[in-house]
Amino acid sequence: MEEVKNTEERSLNFIEEIIEEDLKNGKYKQVLTRFPPEPNGYLHIGHASSICLNFGLTLKYPGYTNLRFDDTNPVTEDTEYVESIKQDINWLGFAWQHELYASDYFDQLYEYAVTLIKKGLAYIDDSTSEEMAAQKGTPTEPGRNSPYRNRSVDENLDLFTKMKAGAFPDGSKTLRARIDMAHANMLMRDPVLYRIKHAHHHRTGDKWCIYPMYDMAHGQSDSIETITHSICTMEFVPHRELYDWLIEKLEIYPSRQYEFARRNINYTVTSKRKLLQLVNEGYVTGWDDPRMPTISGLRRRGYTPEAIREFCERIGVAKRENMVDVGLLEFCVREHLNKIAFRRMVVFDPVKVVITNYVKKEPGDGKGGEIVSVENNPEDVSTGHREVTFSNEIYIEREDFMEVPPKKFFRLAPGQMVRLKSAYIIKCDEVIKDAAGNITELRCSYIPESHSGNDTSGLKVKGTLHWVNAKDAIEIEVREYDRLFRVENAAAEEGDFKDYINPDSLKTVKAYAEPSLLNASFKDHFQFLRKGYYFLDKDSEGGDFIFNRTVTLKDGWKGEKQ
RNA sequence: UGGUCCAUGGUGUAAUGGUAACACUACUGAUUUUGGUUCAGUCAUUUAAGGUUCGAAUCCUUAUGGACCAACCA
């Protein structure tokens with residue numbers, strides 16, 4: 001008898017609940033969302049959450065998602081950012097329905113402003129920003145009306161036309177909504193709708209010298225595109241009242257705004273302002289520095305879109321303050337990379353091992369040695385095997401040998417045996433040191449019957465080491481990255497957040513690798529056995545091979561602590 | 001001292017008035033030719049106090065704690 005399949009449906013997040021309700025009661029037939037970045041910086045892991053949410057929703061429900069650049073502030077925006085944002089969204093695996101810009105709507109937005117003026121709901125204010133701030137009041141005290149608040153509709157229309165025509169200098173006038181200077185919501189105290197900026201816009205060039213503010217553009221753009229669910233982060237909650245007010249007064253399509261809590265991740269910062277500082281002040285090499293939490297940084301570091309999407313899925317969507325452990329992101333990337341990464345052997349800090357009783361001459365290269373076969377990925381047998389040369393001189397990791405080993409040291413030590421991955425079991429017979437007492441060489445003997453795959457020695461060893469053949473190992477550069485900050489939440493610490501940067505976030509080392517790494521490409525992710533996951537860096541060129549450490553392997557060994 | 005939003009293990013989410021669930025982390029143990037992977041197990045009376053109810057994480061009240069709001073930024 002077949003058991004009833006217990007397909008435990010993943011529970012819905014609060015936005016999905018709203019959508020399912022809207023769909024069920026016929027409020028909408030399809031769901032339209034938008035991802036609205038401002039092209040003034042690169043996308044980061046926090047944006048990935050929003051991207052996965054917005055695009056994910058319309059993959060799950062009928063409808064589509066627009067990409068809309070919120071480009072209403074020409075002085076900070078640039079096409080470089082537009083290009084990087086498009087690339088990052090694509091790389092994450094999402095496709096937008098329409099590529100749009102708030103600046104596409106500047107003419108319409110201007111008409112909306114005129115409508116408000118005609119309705120007596122907006123006026124031209126000559127107050128300076130300081131005067132305006134003084135009039136604004138505080139959260140606990142009401143504000144005062146601007147002396148320009150009661151200009152006639154005709155005068156306002158005339159002034160606004162002249163503003164558009166360029167008759168006034170920057171900052172000399174604004175268009176303000178006429179709402180209520182005593183409103184409990186500070187944003188409703190006659191917010192600025194348009195300001196004068198004689199600045200070149202990345203799309204509209206010099207056509208405009210007045211630009212709408214966020215509140216005058218965002219909801220209206222949503223409305224023009226008939227976005228049904230306009231999803232943003234919690235800091236926009238107070239804006240919702242203004243969002244709704246403008247839609248109501250303008251009598252346009254009623255898009256609705258919903259807010260969720262932005263995701264904070266420990267040991268990093270996700271604020272475009274702070275990330276820009278790190279870039280501009282040289283703390284990192286660029287927006288795509290592998291230490292950056294940007295999508296481009298993560299990509300360069302070796303993260304995969306699958307891992308990032310899985311991460312966003314796992315952290316979910318909610319409204320409460322949060323601080324996600326970066327360990328979860330690392331788990332997600334290890335989980336994916338474990339399935340797809342090619343295993344390779346690389347020795348970082350080599351110590352030479354001479355196998356004194358090894359006399360094989362094959363395969364006849366004159367140096368002695370043989371070829372062993374090593375699986376490319378034990379998690380995926382379809383990836384097959386590769387050939388690696390073995391000889392009487394190899395390198396192993398210096399830390400894999402201890403002259404006086406602690407209790408559960410399963411690696412090499414005098415008189416102790418270990419297996420060399422996919423090759424033989426060896427035993428350490430003698431330790432050679434230089435005058436200063438540094439170990440320069442380990443003399444070992446191997447067990448001829450212990451060849452991997454057809455071991456008849458009957459020996460059982462606890463440890464298996466990675467190694468490279470000293471006679472053909474290639475030299476590579478490895479960039480070992482660690483968390484960018486020493487503290488979980490640098491932004492919340494005393495003083496400048498940059499004081500908490502981890503000075504050891506990058507260590508560049510030389511390492512010795514098996515020659516198969518010469519074929520590495522940007523399509524491949526690697527696991528350097530017993531070390532971590534690595535990805536070719538774009539700085540590699542000519543004969544240079546540079547690898548970024550994506551993440552270490554989980555290390556279950558407690559070390560020497562007894 | 002105004003308004004708004006939020007409060008469930010160390011972390012992130014679930015439970016939609018009916019036995020607090022899942023994942024990550026951590027710690028045990030098993031398996032392993034990666035101290036990886038895999039597998040098994042351990043870790044909370046839901047911020048507090050009242051109330052409604054046969055029954056409350058869920059509804060109500062109060063308190064407490066946190067976040068956000070006074071750019072011509074978004």
Side-chain angles (χ1 to χ4, degrees), chain A residues 8 10-13 17 36-38 40 70-73 75-77 125 127-129 132-143 170-176 183-187 189 191-197 210-211 213-215 217-218 232-241 259 261 263 266 272-273 314-332 334-335 338-339 343 345 374-375 378-379 408-411 418-423 425 450 452-453 455 461-466 527-532 552-559:
Chain A
E8 194 149 323
R10 236 190 93 79
S11 56
L12 303 176
N13 64 49
E17 280 180 6
E38 183 188 11
N40 67 346
D70 228 331
D71 56 350
T72 58
N73 186 3
V75 303
T76 57
E77 294 153 6
D125 196 337
S127 303
T128 63
S129 60
M132 235 183 260
Q135 293 160 13
K136 194 101 182 180
T138 71
T140 53
E141 303 159 35
D170 287 7
S172 60
K173 283 179 169 49
T174 58
L175 177 73
R176 286 231 258 171
H183 202 110
N185 183 347
M186 299 288 289
L187 267 154
R189 319 240 268 223
V192 172
L193 265 21
Y194 262 90
R195 76 295 213 183
I196 302 170
K197 276 180 193 283
I210 58 172
Y211 292 93
M213 296 286 288
Y214 167 84
D215 292 297
H218 201 101
C232 61
T233 46
M234 296 293 285
E235 59 268 30
F236 290 95
V237 168
H239 291 255
R240 189 176 63 231
E241 196 169 8
E259 311 88 8
R263 319 313 297 198
N266 58 13
K272 277 198 274 187
R273 207 193 95 253
R314 282 173 181 260
I315 61 180
V317 177
K319 298 181 85 144
R320 81 178 81 125
E321 262 310 285
N322 60 82
M323 178 66 78
V324 181
D325 193 334
V326 68
L328 184 61
L329 216 209
E330 295 176 342
F331 167 82
C332 291
R334 283 192 191 104
E335 185 186 44
N338 178 49
K339 292 190 196 118
R343 272 55 171 176
M345 293 198 286
V374 190
E375 71 266 15
E379 303 294 319
K408 287 192 170 171
F409 189 75
F410 299 149
R411 311 177 190 180
V418 294
R419 174 174 292 284
L420 295 174
K421 173 70 181 173
S422 296
I425 291 175
S450 66
S452 220
D455 185 343
V461 292
K462 298 284 275 186
T464 300
L465 306 185
H466 63 280
Q527 182 196 106
F528 293 174
L529 230 60
R530 304 208 298 136
K531 286 293 182 184
T552 62
L553 245 33
K554 201 172 148 188
D555 188 0
W557 191 47
K558 300 304 173 301

Exercise. Quick one: is Arg334(A) getting a side-chain N or O under 4.0 Å of the rC24(B) phosphate, OP1 or OP2?
Worked result: no
For this session: Test for a donor-acceptor pair under 3.5 Å between the base of rU34(B) and the side chain of Gln527(A), counting only N and O atoms.
Result: yes
Exercise. Is Asn185(A) touching bases, backbone alone, or none of the nucleic acid, heavy atoms closer than 4.0 Å?
Worked result: nothing
For this session: Return no unless some side-chain N or O of Arg195(A) is found under 4.0 Å from OP1 or OP2 of rA74(B).
Result: yes
Exercise. Is there a donor on the side chain of Arg314(A) or the base of rU13(B) sitting less than 3.5 Å from an acceptor on the other?
Worked result: no
Problem set entry | Closest to side chain of Glu379(A), choosing from rC5(B), rU37(B), rG35(B) | rU37(B)
Seminar exercise, completed: Out of rA74(B), rC5(B), rU34(B), minimum distance to the side chain of Met213(A) belongs to rA74(B)
Problem set entry | Under-4.0 Å side-chain N/O to phosphate OP1/OP2 contact, Arg411(A) with rG35(B) | no
Problem set entry | Proximity to the side chain of Pro378(A) - top-ranked nucleotide from rC5(B), rG36(B), rA15(B) | rG36(B)
Seminar exercise, completed: Which of rC72(B), rC69(B), rU34(B) is nearest the side chain of Leu553(A)? It is rU34(B)
Exercise. Would you say the base of rG65(B) and the side-chain of Glu321(A) have a donor-acceptor pair closer than 3.5 Å?
Worked result: no
For this session: Using a heavy-atom cut-off of under 4.0 Å over every strand shown, decide if Phe331(A) touches base, sugar-phosphate, or nothing.
Result: sugar-phosphate
Exercise. Heavy atoms under 4.0 Å, any strand shown: does Tyr211(A) hit a base, just sugar-phosphate, or nothing?
Worked result: nothing
Exercise. Looking at Lys554(A), does any N or O in its side chain come under 4.0 Å of the phosphate oxygens OP1/OP2 on rU34(B)?
Worked result: no
Exercise. Would you say Arg273(A) reaches rA74(B)'s phosphate, i.e. side-chain N/O to OP1/OP2 under 4.0 Å?
Worked result: no
Seminar exercise, completed: Which of rC24(B), rC6(B), rA74(B) is nearest the side chain of Glu38(A)? It is rA74(B)
For this session: Answer with base, sugar-phosphate or nothing: what part of the nucleic acid does Gly556(A) contact at a heavy-atom distance below 4.0 Å?
Result: sugar-phosphate
For this session: Would you please confirm or rule out a distance under 4.0 Å between OP1 or OP2 of rA74(B) and any side-chain N or O of Thr72(A)?
Result: yes
Exercise. Between rU34(B) and Arg419(A), is there an OP1 or OP2 to side-chain N/O distance shorter than 4.0 Å?
Worked result: no
Problem set entry | Partner set under side chain to side chain contact (heavy atoms under 4.5 Å, CB included) for Asp555(A), not counting sequence neighbours | Trp557(A)
Exercise. When we call it a touch if two heavy atoms are under 4.0 Å apart, what does Thr76(A) touch: a base, just sugar-phosphate, or nothing?
Worked result: nothing
Exercise. Ring centres of His218(A) and Phe236(A) under 6.0 Å apart?
Worked result: no
For this session: Give the nucleotide from the list rC69(B), rG35(B), rC73(B) with an atom nearest to the side chain of Asn73(A).
Result: rC73(B)
For this session: Look at the side chain of His183(A) and the base of rA70(B), then say whether one donor and one acceptor between them are separated by less than 3.5 Å.
Result: no
